[in-house]
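The structure appears below as structure tokens.
The analysis underlying the following values was restricted to heavy atoms, covering all of them including side chains, and did not include hydrogens, waters or symmetry mates.
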Amino acid sequence: MTRLSLSLACWGYDRTEALQTGAVRPDGIDLNFQVLDVEETFFRMLRNREFDVAELSMSSYCVTLGRENPGFIAIPVFPSRFFRHSCIFVSAKSGIEKPEDLVGKRIGVPEYQMTAPVWIRGILQDEYGIDPASVTYVTGGEEEPGREEKLKLNLPDKFKVEPIGPTQTLKRMLADGEIDALHTARAPSTFYSEPGKVRRLFPNFVDVEKAYFAKTGIFPIMHVVAIRRDVYEKNRWIAQALYKAFVEAQRLSYEQLLVSASLKTMLPWQIAAVEDTIATMGREWWPYGIEKNRHVIETFTRYHHEQGLSPRQLTIEEMFAPETFAEFRI
């Protein structure tokens with residue numbers, strides 16, 4: 001039988017490894033799996049639509065849904081999730097000691113529409129009463145100069161966003177005190193190279209994040225898997241085929257992380273970490289699918305709208321391929 005050939009761009013996660021090696025093959029599909037850093041995947045997919053299927057920033061994907069003729073449709077697979085309390089960094093020169101001290105400050109962010117900062121701003125608003133419009137956002141390259149927003153934004157006037165200079169970087173500005181704080185997905189290199197100048201807002205972030213999960217039940221979603229809409233419309237069956245394959249690949253990863261005969265990762269206390277995660281978050285701590293993630297998704301879409309990135313709060317029904325909302329039963 002002829003199988004449909006599709007390109008897939010995604011980072012090399014443990015939960016997608018079986019798709020990369022071919023141990024799991026989607027029904028009727030041959031995958032050309034390209035392992036790329038997430039920033040490259042996002043840039044190439046959003047700017048040029050180079051791949052049939054790709055991991056995408058949840059926020060960027062939501063921005064595209066607010067445009068005419070959206071180019072992508074997602075399946076409820078979330079290859080990246082991350083508690084982001086650990087990703088708020090402050091300059092030692094800022095005088096910031098607690099979240100409330102961020103009000104009125106200049107905060108760096110590589111791109112305003114990035115998913116990680118959307119979650120950070122939303123969490124700071126819900127948990128600490130910090131209005132996202134109460135600070136000035138400074139955008140640009142974190143480690144390299146010249147970064148721009150991947151998508152053109154049209155924000156309400158109340159949000160103050162300004163780009164840095166063409167030779168500046170956020171890592172340097174944070175260490176030098178030119179910005180007070182940084183909301184990011186990657187720790188700035190100056191956090192490690194100049195620890196006296198850059199520190200985390202929440203040094204005990206693991207405890208803070210566990211308390212946040214216990215209170216809200218939210219494990220923040222960072223990325224979705226998106227199909228180019230023209231590819232999907234020609235063969236709508238691929239949404240369910242891909243979804244099933246991602247679920248199976250993840251199931252294998254769950255199993256492998258608990259194998260103690262030989263460790264899957266280089267983490268010496270891997271088994272203890274997995275057991276602690278299960279005790280804290282349950283055996284399926286990284287769920288795919290709609291219903292187990294409805295509260296998380298709806299919280300994110302609320303933040304996205306409140307922060308001026310979508311003209312109204314998106315519905316789950318318009319975000320995901322309808323073929324993935326239910327499965328057959330015998």
Side-chain angles (χ1 to χ4, degrees), residues 3 6-41 51 53-56 58 75-87 115-116 185-187 189 191-192 200 203-214 217-225 240-289 292-293 296 327:
R3 298 171 64 87
L6 295 178
S7 58
L8 167 64
C10 187
W11 199 47
Y13 300 108
D14 58 353
R15 44 212 171 269
T16 60
E17 181 183 26
L19 293 170
Q20 182 183 343
T21 64
V24 172
R25 301 178 69 194
D27 297 337
I29 297 171
D30 286 328
L31 284 180
N32 177 356
F33 195 118
Q34 300 184 42
V35 178
L36 300 174
D37 285 344
V38 295
E39 292 91 345
E40 180 176 357
T41 297
F51 311 104
V53 186
E55 175 181 13
L56 267 191
M58 177 92 140
I75 59 176
V77 168
F78 312 112
S80 176
R81 305 179 80 129
F82 206 107
F83 292 106
R84 289 297 180 186
H85 297 73
S86 66
C87 296
T115 305
R186 291 179 180 266
S189 58
F191 172 69
Y192 299 105
R200 283 190 169 100
N204 61 330
F205 63 89
V206 174
D207 293 336
V208 174
E209 290 168 352
K210 285 184 176 181
Y212 169 76
F213 179 79
I218 292 174
F219 183 14
I221 293 169
M222 296 293 134
H223 303 165
V224 296
V225 171
Q240 183 64 238
L242 288 167
Y243 175 72
K244 287 169 54 182
F246 273 97
V247 169
E248 176 61 15
Q250 186 200 43
R251 185 190 65 79
L252 294 176
S253 185
Y254 272 130
E255 291 181 354
Q256 292 164 354
L257 286 173
L258 276 170
V259 173
S260 58
S262 183
L263 293 176
K264 177 69 174 177
T265 73
M266 292 192 296
L267 297 173
W269 292 282
Q270 170 191 306
I271 302 300
V274 174
E275 291 174 351
D276 179 64
T277 299
I278 291 172
T280 303
M281 301 176 67
R283 188 163 291 276
E284 189 183 4
W285 67 86
W286 197 300
Y288 292 166
K292 293 177 182 178
N293 290 286
V296 180
E327 300 175 49

**Asked** Within 45° of the axis and under 6.0 Å from the centre of the six-membered ring of Tyr254, does NZ or CZ of Arg251 qualify?
**Response** no
**Item:** Residues Arg84 and Glu209 bridged, charged N to O under 4.0 Å
**Value:** no
**Fill in**
For Pro26 and Leu242, the nearest pair of non-hydrogen atoms, with its separation, is CG-CD2, 4.2 Å
**Request:** Assert yes or no for the condition that the ring centre distance of Phe78 to His223 is strictly below 6.0 Å.
**Result:** no
**Request:** Give a yes or no on whether Trp286 atom CH2 has more than 12 heavy-atom contacts from other residues, nucleotides or ligands under 6.0 Å away.
**Result:** yes
**Message:** If you take the centroid of each ring, where Trp contributes its six-membered ring, are Phe213 and Phe219 closer together than 6.0 Å?
**Reply:** no
**Prompt:** Salt bridge check: are Arg3 and Asp27 linked by an N-O gap of less than 4.0 Å?
**Reply:** no
**Request:** Give, for atom SG of Cys87 and atom CZ of Arg186, the distance between the pair rounded to the nearest 0.5 Å.
**Result:** 11.0 Å
**Request:** Begin from the C-alpha positions of Glu55 and Tyr13 and carry the test side chain to side chain donor-acceptor pair (under 3.5 Å) through to its verdict.
**Result:** CA-CA 11 Å; Glu55 175 181 13; Tyr13 300 108; 2.3 Å; yes
**Item:** Worked verdict on Asp14 versus Gln256 for side-chain contact (heavy atoms from CB on, under 4.5 Å)
**Value:** CA-CA 9 Å; Asp14 58 353; Gln256 292 164 354; over 6 Å; no
**Prompt:** Are the charged groups of Glu255 and Lys264 less than 4.0 angstrom apart, N to O?
**Reply:** no
**Fill in**
Scanning both residues in full, the closest heavy-atom pair of Pro79 with Tyr288 reads CA-OH, 4.5 Å
**Prompt:** Between Glu284 and Lys292, does a salt bridge (Lys or Arg N to Asp or Glu O under 4.0 Å) hold up when you go through it step by step?
**Reply:** CA-CA 10 Å; Glu284 189 183 4; Lys292 293 177 182 178; 2.6 Å; yes
